[in-house]
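Contents: one structure, followed by commentary.
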Amino acid sequence: MTIEYIITEHIQRAVSELYQTEIGIDNIVIQETRKEFEGQVTVVTFPFTRISKKTPEQTGVELGEYLKEHITEVVEFNVIKGFLNLSIADSYWIDQLLNNVLSQGFGQFPSNGKRVMVEYSSPNTNKPLHLGHVRNNLLGYSVAAILTANGYEVIKVNLVNDRGIHICKSMLAWQLFGNGETPESSGLKGDHLVGKYYVIFDQEYKKQIADLIQAGETEENAKKNAVLIKMAQQMLLDWEAGNVEIMALWSMMNTWVYAGFEQTYNMLGVDFAKYYYESDTYLLGKDIIDEGLEKGVFFKKEDGSVWIDLTEDGLDLKLVLRADGTSVYITQDLGTAQLKFDDFNVDKSIYVVGNEQDYHFKVLFLILQKLGKSWADGLYHLSYGMVDLPSGKMKSREGTVVDADELMDDMIRTAQERTEELGKVDGFSDDEKADLYNMIGLGALKFFLLKVEPKKRLLFDPNESIDFQGHTGPFIQYTHARICSVLAKANYSSKLTLSHSPELTMLEKELIVNLSKYPGFIAAAAKEYSPAHIANYIFELAKLFNKFYHEESILKAEDLNVKNFRLDLAAATASIINKGMALLGIRVPERM
RNA sequence: GCACCUGUAGCUUAAUUGGAUAGAGCACCUGACUACGGAUCAGGAGGUUAGGGGUUCGACUCCCUUCAGGUGCACCA
């Protein structure tokens, strides 16, 4: 039972006894005491003044006296303005450390019996992954890990966009200009090879447009009538008709792409329980259209197209089926949402998709609610801001992207240079070195992307490579390695028993207070689907530990009991760093 | 034009969801026991929280308004 809980209960009793009024939990605000004041736990007394009819100070003193008398852990209190600061006994904090923080399951909530799906990554098969995908992948992976820690059963899925006109463009360009080039013959990663032809298509297409304009066509007509775009459109029709030759080309190029993606995902450290493919799902959703028409949620126009009127909800009319009976984007998303639910019977379904699709998901969820789907309330769009460069927006077609593979390679190389400069890898084997550079490079990248609130957009300057000092992944990794080093020197392996409770220093107490807050951050991160909370918490923890480490010696502590206690404290810190970073998909080294 | 999102130190950002003197990191300046690991620690300087109004004991946070930036408003996905 946490001290906050005990205090809350006693405040209810105190208010009832002192002022003869019952108050709800909502009125009780408990927070951590600010560093400049004495105490660890603070109660805000303003909400009670209306009941007590006294000043905030008087109310605070009365409550403080009551709490001190009735709760053994409350040893002292002071009131400053409307804030009642409580000092909690050292014994409580020591008990927290030894029996809570250091226990096996700390930070892992028991199963809540709920199942949640997290869809993320969602690549197109016509181009390699870029920085935007990296943010998406890291967010998806991390949110999945956080939900798991909160007791959910999590199913990670990837919905691959493997069909459509854009896919045909790279296929066509390869057919026309590829000369049979393969990943083997070119030495290119499969996804990069295909991406190369997507760019070539665009270049050739632009040339044709320019030629047509030269010949007197309007720009609009030139775009419509260029031979290449006509051919691509024909190819899409052939694909939909199941043309054998086209299907063979499609599946061959897909195989290349998937091999490339697999490599990138491995490097990023992300994984999926299931892949959905749009080539399988693009025809879904028609039965939902029928259902909606039956229920009167949708209506049909004279031309046969099907619509929904969302004007009462402040939105517009939305087409859900074309006049010719074929699907649009939202049709298949309606169908896919149903499919996911049918496949896994999930309670919640999270879509990790960029904020340019905010409107789309708003509409999608609203339609499903109107259709009366019982699971519609569990749908959530985890929207994140786009990553842009100093030069502006990234465009795959124009080749102005920060490529995911290159970026990771750069990060790892920088980690290597930095580490070698510091001369810290004596006694490492080549494999260990490679693993370490990978850990640090990717740790820096992941922390950089995850420490910012998802919905904020991110500016990424490739020339100013990511820092390795300060508010960074490597700073935290370093702290961890440092603790491991101390523990190794002391031959620490598991929790030490203390002969008696030591008197805590300010910093020790602060550290324990901090450590015991970990589960609260896990819960908050899940509630808001924001790994940034954990990233910033772990950073604060690492910083605090470094301060403690600097000011109070562990191995040279004044007596054995204090030394053992500090070893436990250090071990607990390392453990939380490790757990928290794991939720971000970041590994921490024992030496670096 | 309409809708949604964002705006905090020079830069990158935080603020326990309405609580105390708005915290950090980078960059800049000054320091740290002959270092339990200096990828560290301590200190300095840097803020009208885009501007204006309102709500209340109390506002970066909620409401109104103006400004700036972004995104979306296809029988594309």
Side-chain angles (χ1 to χ4, degrees), chain A residues 29-37 42 44-47 49-50 55-56 80-83 85 124 161 163-167 278 282 301 303-307 314-316 318-324 326-330 332-333 354-360 362 383 385-386 388 393 415 418-419 421-422 424 440 448 451-453 455-459 461 464 466-472 474-479 481-490 517 520-521 524 527-528 532-533 536-537 539-540 543 546-557 563 566-567 570 591-592:
Chain A
V29 181
I30 294 182
Q31 59 194 33
E32 194 189 347
T33 305
R34 290 209 149 209
K35 274 186 223 118
E36 54 268 38
F37 304 109
T42 292
V44 183
T45 65
F46 292 108
T49 53
R50 213 169 301 144
T55 66
I80 292 164
K81 295 200 211 166
F83 298 90
N85 303 319
N124 291 331
N161 184 341
R163 64 165 293 278
I165 189 79
H166 50 296
I167 309 295
E278 285 197 12
Y282 82 106
K301 286 192 180 174
D303 64 359
S305 58
V306 180
W307 298 74
L315 306 175
D316 297 320
K318 179 82 185 173
L319 175 90
V320 293
L321 196 71
R322 290 193 189 105
D324 62 8
T326 57
S327 316
V328 288
Y329 181 38
I330 202 153
Q332 64 173 284
D333 263 7
N355 64 7
E356 67 274 13
Q357 295 202 36
D358 283 356
Y359 185 77
H360 171 74
K362 206 168 173 182
S383 162
M386 51 190 222
D388 40 22
K393 197 175 175 177
R418 180 90 183 130
T419 308
E421 250 169 56
L422 293 168
K424 293 213 170 191
I440 298 174
F448 182 84
K451 73 179 180 186
V452 183
E453 281 298 318
K455 72 175 168 184
K456 289 200 173 181
R457 51 188 289 210
L458 211 64
L459 184 78
D461 188 342
E464 284 179 30
I466 297 169
D467 280 334
F468 284 68
Q469 286 171 38
H471 192 186
T472 67
F475 170 86
I476 296 165
Q477 291 173 320
Y478 173 77
T479 308
R482 194 184 221 186
I483 295 173
C484 289
S485 166
V486 174
L487 296 179
K489 277 214 170 100
K517 287 195 301 188
F521 279 93
K527 198 174 158 216
E528 290 169 42
H533 283 97
N536 290 317
Y537 163 75
F539 172 67
E540 286 302 325
K543 215 157 45 116
N546 280 325
K547 186 174 182 175
F548 160 73
Y549 175 91
H550 212 262
E551 292 186 18
E552 290 164 22
S553 184
I554 298 169
L555 297 178
K556 293 177 198 150
K563 174 179 160 184
R566 287 183 182 166
L567 283 168
R591 294 187 296 161
M592 68 182 274

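Labels below follow one simple rule: chain letters A, B, ... track the order of the sequence lines, proteins then strands, and each chain is numbered from 1. Only heavy atoms go into these numbers, but all of them, side chains included; no hydrogens, no water, no symmetry mates.
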Roughly how far apart, to the nearest Å, are [N] and [M] at atom [atom1]?
N      : M      : atom1 : result
B/rU8  : B/rC60 : C1'   : 7 Å
B/rU65 : B/rG72 : C1'   : 24 Å
B/rU61 : B/rU21 : P     : 16 Å
B/rA24 : B/rA42 : P     : 10 Å
B/rA68 : B/rG52 : C1'   : 15 Å
B/rG69 : B/rA32 : C1'   : 44 Å
B/rG7  : B/rA45 : P     : 28 Å
B/rA74 : B/rA14 : P     : 33 Å

Starting at the 5' end of RNA chain B and moving along, which residue's nearest nucleotide shows up first, A/Asn536 or A/Asn161?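 Looking at RNA chain B, the more 5' nearest nucleotide goes with A/Asn536.
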Map A/Lys451 and A/Glu540 onto RNA chain B by nearest heavy atom, then report which one ends up closer to the 5' terminus.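 The residue whose closest nucleotide sits nearer the 5' end is A/Lys451.
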Pairs under 3.5 angstrom, nitrogen or oxygen only, protein versus nucleotides 59-65 of chain B, please.
none

If you only use heavy atoms from C-beta on, which nucleotide in B/rA77, B/rG25, B/rU21 is closest to the side chain of A/Gln332?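 Per side-chain heavy atoms of A/Gln332, the pick is B/rA77.
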The side chain of A/Ser305 lies closest to which of these nucleotides: B/rG25, B/rG19, B/rC75?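 Nearest to the side-chain atoms of A/Ser305, counting from C-beta on, is B/rC75.
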Which is true for [X] with a 4.0 Å heavy-atom rule: it touches a base, it touches only sugar-phosphate, or it touches nothing?
X        : result
A/Val328 : sugar-phosphate
A/Glu421 : nothing
A/Arg591 : base
A/Ala557 : nothing
A/Thr42  : base
A/Glu278 : sugar-phosphate

Is the terminal nitrogen or CZ of A/Lys318 (NZ for Lys, CZ for Arg) located under 6.0 angstrom from the six-membered ring centre of A/Trp307 and within 45° of that ring's axis?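 Not flagged: A/Lys318 not positioned over aromatic ring of A/Trp307.
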Which base sits across from [N] as a Watson-Crick or G-U pair, both distances under 3.5 Å?
N      : value
B/rA42 : B/rU30
B/rC60 : none
B/rG23 : B/rU13
B/rG47 : none

Just wondering, do A/Phe83 and B/rG19 stack (centres under 5.5 Å, planes under 30°)?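 Ring-base stacking flag not set for A/Phe83 and B/rG19.
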Tell me whether the ring of A/Phe539 lies stacked over the B/rA24 base, given a 5.5 Å limit on centroids and a 30° limit on the plane angle.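 No, the aromatic ring of A/Phe539 does not stack with the base.
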Relative to each other, are the rings of A/Phe46 and A/Phe83 parallel, tilted or perpendicular (30° and 60° limits)?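 Ring orientation of A/Phe46 relative to A/Phe83: perpendicular.
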Between [X] ([atom1]) and [N] ([atom2]), how many Å, whole number?
X        : N      : atom1 : atom2 : value
A/Lys35  : B/rG19 : NZ    : P     : 18 Å
A/Ile483 : B/rC36 : CD1   : P     : 16 Å
A/Gln31  : B/rA20 : CD    : P     : 7 Å
A/Leu315 : B/rC73 : CG    : C1'   : 11 Å
A/Ile167 : B/rC76 : CD1   : P     : 17 Å
A/Gln357 : B/rC5  : CD    : C1'   : 15 Å
A/Tyr282 : B/rC75 : OH    : P     : 20 Å
A/Leu459 : B/rG70 : CG    : C1'   : 13 Å

To the nearest 0.5 Å, what is the distance between OH (A/Tyr282) and CD (A/Gln332)?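 Between atom OH of A/Tyr282 and atom CD of A/Gln332 there are 9.5 Å.
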Under 3.5 Å, is there a donor on one side chain and an acceptor on the other for A/Asn546 and A/Arg482?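 Note: A/Asn546 and A/Arg482 side chains meet the donor-acceptor criterion.
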In terms of side-chain heavy atoms, does A/Asp467 have a donor or acceptor partner in A/Thr472 at a distance below 3.5 Å?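 Short answer, no.
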Going by modelled atom types, is there a donor-acceptor pair between the base of B/rC75 and the side chain of A/Asp303 at under 3.5 Å?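 Under the 3.5 Å cut-off, the side chain and the base do form a donor-acceptor pair.
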Would you say the side chain of A/Asn85 and the base of B/rA20 hold a donor-acceptor pair, judged only by whether the two atoms sit under 3.5 Å apart?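 Indeed, a donor on one side and an acceptor on the other fall under 3.5 Å apart.
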Could you work out, with salt bridge (Lys or Arg N to Asp or Glu O under 4.0 Å) as the rule, every residue matching A/Arg322, not counting sequence neighbours?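 In terms of salt bridge (Lys or Arg N to Asp or Glu O under 4.0 Å), with neighbours along the sequence ignored, A/Arg322 is linked to no residue.
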Check: A/Ile440 and A/Met592 side chains under 4.5 Å, non-hydrogen atoms: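 Contact flag for A/Met592/A/Ile440 side chains = yes.
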Report yes if a side-chain nitrogen or oxygen of [X] is closer than 4.0 Å to either non-bridging phosphate oxygen (OP1 or OP2) of [N]; otherwise report no.
X        : N      : result
A/Ser485 : B/rG37 : yes
A/Lys81  : B/rU21 : yes
A/Lys556 : B/rC36 : yes
A/His533 : B/rA15 : yes

Is there a donor-acceptor pair under 3.5 Å between the side chain of [X] and the backbone N or O of [Y]?
X        : Y        : value
A/Arg566 : A/Ser553 : yes
A/Thr49  : A/Thr45  : no
A/Lys489 : A/Cys484 : no

Do the ring centers of A/Phe539 and A/His471 come within less than 6.0 Å of each other?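 Aromatic pair counts; centres sit under 6.0 Å.
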Are A/Lys456 and A/Glu453 within salt-bridge range, i.e. N to O under 4.0 Å?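 Result for this pair is no, no salt bridge flagged.
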Taking side chain to side chain contact (heavy atoms under 4.5 Å, CB included) as the definition, give me every residue that meets it alongside A/Lys424, ordered by chain and number, with sequence neighbours left out.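 Once residues adjacent in sequence are excluded, the partners of A/Lys424 under the side chain to side chain contact (heavy atoms under 4.5 Å, CB included) criterion are A/Thr419, A/Leu422, A/Tyr478.
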Residues that A/Ala323 engages under side chain to side chain contact (heavy atoms under 4.5 Å, CB included), provided they are two or more places apart: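 By the side chain to side chain contact (heavy atoms under 4.5 Å, CB included) rule, A/Ala323 matches A/Asp303, A/Ser305.
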Provide a list of protein-nucleic acid N or O atom pairs under 3.5 angstrom, restricted to nucleotides 38-40 of chain B.
residue : atom : partner  : partner atom : Å
B/rG38  : OP2  : A/Arg482 : NH2          : 2.5
B/rA39  : OP1  : A/Lys424 : NZ           : 2.5
B/rA39  : N6   : A/Thr419 : OG1          : 3.1
B/rU40  : O2'  : A/Arg482 : NH1          : 3.1
B/rU40  : O2'  : A/Arg482 : NH2          : 3.4

Evaluate side chain to side chain contact (heavy atoms under 4.5 Å, CB included) for A/Leu321 paired with A/Val328, printing each intermediate quantity in order. CA-CA 6 Å; A/Leu321 196 71; A/Val328 288; over 6 Å; no
Please write out the pairs of protein N or O atoms and N or O atoms of nucleotides 6-10 of chain B separated by less than 3.5 Å, giving the distance to one decimal.
residue : atom : partner  : partner atom : Å
B/rU6   : OP1  : A/Lys455 : NZ           : 2.6
B/rG7   : OP1  : A/Lys456 : NZ           : 3.4

